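Report on one structure; see the data block that follows.
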Amino acid sequence: MHPTLYLQASNHHIKENESSTNITDREKQILHLIAYEHSSKEIAQKLFLSYETINSHRKNMMIKLGVRNTAG
């Protein structure tokens, strides 16, 4: 799926379940970069954050969205 379509679908899913997911603006920003196939290291560099912080955000999003891996 094209990243733009994925983001539209995920934003729709997030809005539907916003009370249970509470995806933050930073997490949405990271999700956007993941959809465009950036690695955690690249995302960290772009956002001036540590690699560990990006991985924490990724783990939190996976829990909030109920997926088992990044592909989910």
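Source: prediction; values computed, not measured.
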### Non-neighbouring partners of S56 that pass side chain to side chain donor-acceptor pair (under 3.5 Å), sequence neighbours left out
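Here no residue qualifies.
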
### Task
Apply side chain to side chain donor-acceptor pair (under 3.5 Å) to Q29 and list each qualifying residue two or more places apart in sequence or on a separate chain.
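Expected list: R26.
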
Residue pair [X] / [Y]: nearest heavy atoms and the distance that separates them:
{"X": "M61", "Y": "L31", "result": "SD-CB, 4.1 Å"}
{"X": "K64", "Y": "E27", "result": "NZ-OE1, 2.9 Å"}
{"X": "Y51", "Y": "S40", "result": "CE1-CB, 3.5 Å"}

### Message
Which residues pass the side-chain contact (heavy atoms from CB on, under 4.5 Å) test with Q45, not counting sequence neighbours?
### Response
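Scan of Q45 (side-chain contact (heavy atoms from CB on, under 4.5 Å), adjacent residues dropped) gives K41.
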
Calculate, to the nearest 0.5 Å, the distance between atoms [atom1] and [atom2] belonging to [X] and [Y] respectively.
{"X": "E42", "Y": "I34", "atom1": "CD", "atom2": "CD1", "value": "11.5 Å"}
{"X": "I54", "Y": "L33", "atom1": "CD1", "atom2": "CG", "value": "8.0 Å"}
{"X": "L49", "Y": "I30", "atom1": "CG", "atom2": "CD1", "value": "6.5 Å"}

